[in-house]
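Everything quoted here is computed from the prediction, not taken from an experiment. Atoms within a ligand are numbered from 1 in the order they appear, just like the ligands themselves. Hydrogens, waters and symmetry mates play no part in the numbers below; they use all other heavy atoms, side chains included.
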Amino acid sequence: MNIIITGGAGFIGSSVVRHLIDATNDNVLNIDKLTYAGNLASLAGYEDSAQYQFAQIDICDQAQLTKTLFDFKPDAIMHLAAESHVDRSIDGPAAFMQTNIIGTYNLLEASKAYWLTLTAKQQQNFRFHHISTDEVYGDLDSPEDLFTEKTSYQPSSPYSASKAASDHLVRAWQRTYGLPTIITNCSNNYGPYHFPEKLIPLVIINALHGKPLPIYGTGQQIRDWLYVEDHAHALVTVMKQGNIGETYNIGGHNEKTNLEVVNSICDILNMEITEKPNAIKDFKKLITYVEDRPGHDLRYAIDASKIQVKLNWVPKETFETGLRKTVLWYLENRKWWQDILDGSYQTERLGLQGT
Ligand SMILES: NC(=O)c1ccc[n+]([C@@H]2O[C@H](COP(=O)([O-])OP(=O)(O)OC[C@H]3O[C@@H](n4cnc5c(N)ncnc54)[C@H](O)[C@@H]3O)[C@@H](O)[C@H]2O)c1
């Protein structure tokens, strides 16, 4: 297959690109604007593969997208490009509205223009796979509740509201124009190549520097964590085997409070690091409670039984095995995150492009 991945230089997109090149013979075109969150170093070793191409394009540029689609002739588009950080969406929602809503609209229009030129059989086989989040469902009330594919949308943050809007657009393009779309809504991901502003990498890196480990409010917010490679595998399964017009929830059955997550990271680091910074004995001493995020949802949890029963997908990692792999990856790949912390990942990129 010829597959376009938007946002392939990001955390989850790069995992999907690596998975497709490692496990299939598919040709991959990575379309990415390379915002602060995009990092081609996450694809080191893959850029020379005959299966891989890269195009630096903003998904808000419909003309460029359309031309690229007609040139590459995709059989499927997996749409991951987005602004993804809730805190940034609170401080500056404009970029979220542009990329997540207008960008998705542009990609749908470019895809429709291309799809309409295909033969009937090609049209039937084409897939537009929109990658979304469980945050569109908002907060869960009781401890027994789970998000199913039928849960109503109640997004709380500018980020989740913009993702909810993009999901509605994708459904409308399927119902109105017949574009063969599929949507997946996934819980919180963690794993290698996660940008250091997000909770798990932030805590690992701050601990290694002896800096405070910030926890919002009381740390009782519950998230359902999924190892990123399990998500990438689920996405490729849905793209190849999922039914047109349907939604699949993806989750890891790993509900943890933020405080439990931070404590578990500290336990692993306490065992792995013998010489601790500032002569502290226990990384947990660095835990610092900070003022809660406005509109912070208390609990997300996914019912992933549909993808399990219909498409036979289950995650390989438990939270314990996945978290250990993640912490060890950050210990063994310091250059990847140090280049982000000192900003050189962006200057190296500019140098490479000669601009
Ligand atoms: N991270 C999670 O836990 C999680 C969970 C569920 C769903 N999702 C969804 O999965 C997708 C990927 O998330 P992620 O964590 O990898 O995000 P990320 O922030 O790590 O990566 C986003 C990528 O999109 C690119 N991008 C941003 N704006 C663009 C634009 N206008 N044009 C082209 N490229 C652009 C960035 O350069 C970056 O490479 C998002 O749609 C997100 O909503 C994420």
Side-chain angles (χ1 to χ4, degrees), residues 4-18 29-43 54-62 64-65 68 77-89 94-107 110 129-137 147 155 157-167 170 183-201 223-232 234-235 248-252 254 261 300 302 304 322 326 340 345-346 349:
I4 286 181
I5 310 286
T6 70
F11 168 48
I12 302 171
S14 67
S15 183
V16 176
V17 172
R18 293 191 300 271
L29 171 62
N30 173 13
I31 289 183
D32 199 298
K33 179 182 175 181
L34 297 182
T35 67
Y36 81 94
N39 188 355
L40 292 177
S42 304
L43 292 166
F54 171 66
Q56 186 171 5
I57 296 175
D58 184 338
I59 56 164
C60 295
D61 182 344
Q62 197 186 122
Q64 179 111 42
L65 276 179
T68 306
I77 297 176
M78 300 176 78
H79 176 35
L80 295 100
E83 289 291 337
S84 70
H85 190 42
V86 175
D87 288 344
R88 285 180 187 256
S89 83
F96 289 72
M97 305 307 127
Q98 278 304 318
T99 288
N100 299 0
I101 305 177
I102 304 298
T104 300
Y105 159 73
N106 281 316
L107 190 62
H129 178 179
H130 179 60
I131 285 78
S132 192
T133 166
D134 63 353
E135 299 193 28
V136 298
Y137 300 125
F147 297 133
S157 70
Y159 163 67
S160 53
S162 67
K163 290 296 292 187
S166 67
D167 292 9
V170 172
I183 298 176
T184 48
N185 295 87
C186 186
S187 58
N188 274 42
N189 283 215
Y190 69 100
Y193 303 103
H194 206 180
F195 200 81
E197 67 188 352
K198 304 281 172 80
L199 178 70
I200 290 180
R223 300 292 179 264
D224 179 355
W225 292 92
L226 180 67
Y227 192 64
V228 66
E229 289 174 15
D230 279 326
H231 188 197
L235 292 177
Y248 296 86
N249 280 354
I250 307 173
N254 286 312
V261 170
Y300 302 141
I302 283 267
T326 304
I340 293 177
Y345 78 114
Q346 283 180 312
R349 174 199 295 171

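At a cut-off of 3.5 Å, with distance as the only test, a side-chain donor of Asn249 or Tyr137 sits close to an acceptor on the other residue.
Cation-pi check for Arg88 over Tyr36 is met; the charged atom lies under 6.0 angstrom from the ring centroid and within 45 degrees of its normal.
His130 contributes atom NE2, which lies 8.0 Å from atom CG of Asn185 (distance to the nearest 0.5 angstrom). The distance from the CD1 atom of Ile131 to the OG1 atom of Thr184 is 5.0 Å, given to the nearest 0.5 Å. In this structure, OG on Ser89 lies 12.0 Å from NZ on Lys163, to the nearest 0.5 angstrom. Taken from CG in Asp230 to CD1 in Ile250, the straight-line distance is 10.5 Å, to the nearest 0.5 Å.
Protein residues having at least one heavy atom under 4.0 Å from any atom of ligand 1 are Gly7, Ala9, Gly10, Phe11, Ile12, Asp32, Lys33, Leu34, Thr35, Ala37, Gly38, Ile57, Asp58, Ile59, Leu80, Ala81, Ala82, Ser84, Thr99, Ile131, Ser132, Thr133, Tyr159, Lys163, Cys186, Ser187, Asn188, Asn189, listed by chain and number.
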